[in-house]
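Everything below concerns the one structure shown next.
Atoms within each ligand, like the ligands themselves, are counted from 1 in listed order.
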Amino acid sequence: MATILDGKAVSQKVKEEVREEVTALKAKGYSVGLAVIIVGDNPASRTYVNNKKKACEMAGIVSEEYALPESTTMEELLALIDELNHKESIHGILCQLPLPKHLDEKEVIAAISVSKDVDAFSAQNVGHIMIGDYAFLPCTPAGIMEILKAYDIHPEGKNCVVVGRSNIVGKPMAMLLLQQNGTVTVCHSKTVGLENYTRNADILVAAVGIPKFIKADMIKKGAVVIDVGMDRDENGKLCGDVDFEAAKEVAGYITPVPGGVGPMTIATLLKNTVTAAKQVYGLI
Ligand code: GUN
């Protein structure tokens, strides 16, 4: 039976550290502010945004929500981002994805000031990550690295397999594992013989968005299994991309859903927002 990687516990520690840092900044007269933009009424996005706002509140970060209707135009959204780029009390801007189809995500991301891009989604920030010289790391991959560190799991020399190649998770995840000297393979929906790769993985990251896609027989005995999925099973119950019940009998370590990767994403967002504020105040 695998050791359960308790992302919730690790995130609580990180959030507590952030809260202490924000308190110390406040005592010196420095505030920290995050703007969260949500367009339309995607229920999953609403849940994520509510959780992010709640976490900000608990950490002492001022969060401003901008909830825009589905009918919002590019011009309106870009005008809001421009206003927030210039707003002194706001140090981080997060536009929850996905956006409604008629809005151009690339253009929206590009409009956010690089110094306020706490998701690290912009081309500049992605480039910084590629060369290993960055202020912000993308929240989910960085959160995963933090979980590995907390359990003394080191990617160096390990076969690391990332299933999924999204800009938000798969690609930056591969980059961070590579930076820590893992030997990294990125698999995706067109990979032929996926199980031949996953069965060879010492560290397996599943980020495909398909419920219980990774079965126990695709996992190497004793492997570290990281589940980024936030899916619904056939009964509508929250589950991950990994068939957890069977996989935990094969894996050495495994993240649960919920309570694994999800809470770490938010903890990293808080850290990034504090970093953004400290840069503005000339404290780093
Ligand atoms: N949608 C899913 N994950 C994320 C995230 O980390 N940031 C934003 N902005 N949108 C998301």
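Ionic pairing of Lys271 and Glu146 is present here: one or more N-O contacts between side-chain nitrogen and carboxylate oxygen are shorter than 4.0 angstrom. With salt bridges taken as basic N to acidic carboxylate O contacts below 4.0 Å, one links Glu16 and Arg19. Taking the charged nitrogens against the carboxylate oxygens, Lys13 and Glu17 do have a contact shorter than 4.0 Å, which makes a salt bridge. A salt bridge does not link Arg46 to Asp41: none of the charged side-chain nitrogens sits closer than 4.0 Å to a carboxylate oxygen.
The residue Pro138 has no part lying near ligand 1, judged by heavy-atom distances below 4.0 Å. Counting heavy atoms closer than 4.0 Å to ligand 1, residue Phe121 contributes side-chain atoms (C-beta onward) but none from N, CA, C or O. Neither the backbone nor the side chain of Met230 has a heavy atom within less than 4.0 Å of ligand 1.
No side-chain donor-acceptor contact under 3.5 Å links Tyr281 and Gln279. Between the side chains of Asn159 and Thr183, no donor-acceptor pair is found at a separation under 3.5 Å.
Among Asp119, Asp117, Val108, Leu97, the residue whose heavy atom lies nearest to atom 7 (N) of ligand 1 is Asp119. For atom 3 (N) of ligand 1, the nearest non-hydrogen atom from the set Leu269, Ile93, Ile168 belongs to Ile168.
For ligand 1 and Lys52, the ligand atoms under 4.0 Å from any heavy atom of the residue are 5 (C), 7 (N).
In this structure, the protein non-hydrogen atom closest to atom 4 (C) of ligand 1 is Gln96 NE2, 4.0 Å.
The closest approach between a heavy atom of Cys95 and any atom of ligand 1 is below 4.0 Å.
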